[in-house]
Amino acid sequence: MVSIRLTRGGVKKKPFYHVIVTDSRNRRDGRYIERLGFFDPQAKKGEESLRLDVARVEHWIGEGARPSERVASLLKQARKAAASA
């Protein structure tokens, strides 16, 4: 099954996550199909903390991919930001 989830990057004590599409059997930081954006939970004020290609996410969900709980909440946040802009 294909899933949309986060993969960790960054350094110790400073996480940075990429939002990816991958086969659910692959490791967390393993091979992926497509990178859809990023999430920086420790972004400073004025920096971009979330960038997500919502159109591609919708495409993959239409193809049967299932987002993780955290990605679903980030998607909701991205939609809200796009609607207000």
Side-chain angles (χ1 to χ4, degrees):
M1 177 169 67
V2 177
S3 66
I4 303 172
R5 64 183 182 203
L6 299 174
T7 183
R8 193 181 192 283
V11 295
K12 186 176 179 180
K13 308 275 184 168
K14 178 83 171 92
F16 183 87
Y17 299 95
H18 289 283
V19 180
I20 62 166
V21 177
T22 186
D23 188 334
S24 62
R25 295 171 291 187
N26 290 341
R27 298 182 323 230
R28 179 192 71 183
D29 296 334
R31 193 174 62 194
Y32 61 90
I33 300 169
E34 183 178 356
R35 187 179 292 168
L36 302 174
F38 68 84
F39 171 58
D40 186 2
Q42 295 182 347
K44 297 188 178 15
K45 199 169 201 170
E47 291 181 356
E48 187 176 22
S49 65
L50 176 65
R51 184 184 307 160
L52 201 56
D53 188 353
V54 178
R56 290 302 294 170
V57 172
E58 294 298 329
H59 165 78
W60 280 106
I61 290 174
E63 293 290 321
R66 300 182 79 189
S68 67
E69 289 181 30
R70 185 63 175 144
V71 170
S73 69
L74 290 173
L75 181 60
K76 187 175 181 181
Q77 181 181 343
R79 286 181 182 143
K80 183 187 257 186
S84 67

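- For the side-chain hydrogen bond (donor to acceptor under 3.5 Å, both in side chains) test, residues two or more places apart in sequence or in another chain that qualify with Arg56 are Glu34.
- Partners of Asp23 under the side-chain hydrogen bond (donor to acceptor under 3.5 Å, both in side chains) rule, at least two apart in sequence or in another chain, are Arg25.
- Residues passing the side-chain hydrogen bond (donor to acceptor under 3.5 Å, both in side chains) test with Arg27, sequence neighbours excluded: none.
- Of all the heavy atoms in Val57 and Leu36, the pair that sits closest is CG2-CD1, 3.7 Å.
- Screening residues 3-14 for salt bridge (Lys or Arg N to Asp or Glu O under 4.0 Å), with sequence neighbours left out, gives Lys14-Asp40.
- Among all heavy-atom pairs drawn from Val19 and Leu6, the shortest one is CG2-CD2, 3.7 Å.
- For the salt bridge (Lys or Arg N to Asp or Glu O under 4.0 Å) condition, no pair includes a residue of residues 62-71, sequence neighbours left out.
- Among all heavy-atom pairs drawn from Pro67 and Ala72, the shortest one is CB-N, 4.3 Å.
- Under the side chain to side chain donor-acceptor pair (under 3.5 Å) criterion, the residue pairs touching residues 43-54 are Glu48-Arg51, with sequence neighbours excluded.
- Every residue was checked against the side-chain hydrogen bond (donor to acceptor under 3.5 Å, both in side chains) condition with Ser3, not counting sequence neighbours, and none meets it.
- In this structure, Val11 shares a hydrophobic cluster with no other residue, the cluster being traced through Ile, Leu, Val, Met, Phe, Trp and Tyr side chains under 4.5 angstrom apart.
- When the ring pair (Phe, Tyr, Trp, His ring centres under 6.0 Å) test is applied to Tyr17, no partner is found at least two apart in sequence or on another chain.
- The shortest distance between side-chain heavy atoms of Ile61 and Ile4 falls below 4.5 Å.
- Residues Ile20 make up the rest of the hydrophobic cluster containing Tyr32, defined by ILVMFWY side-chain heavy atoms closer than 4.5 Å, directly or through other members.
- With sequence neighbours left out, Phe16 forms a ring pair (Phe, Tyr, Trp, His ring centres under 6.0 Å) with His18, Phe38.
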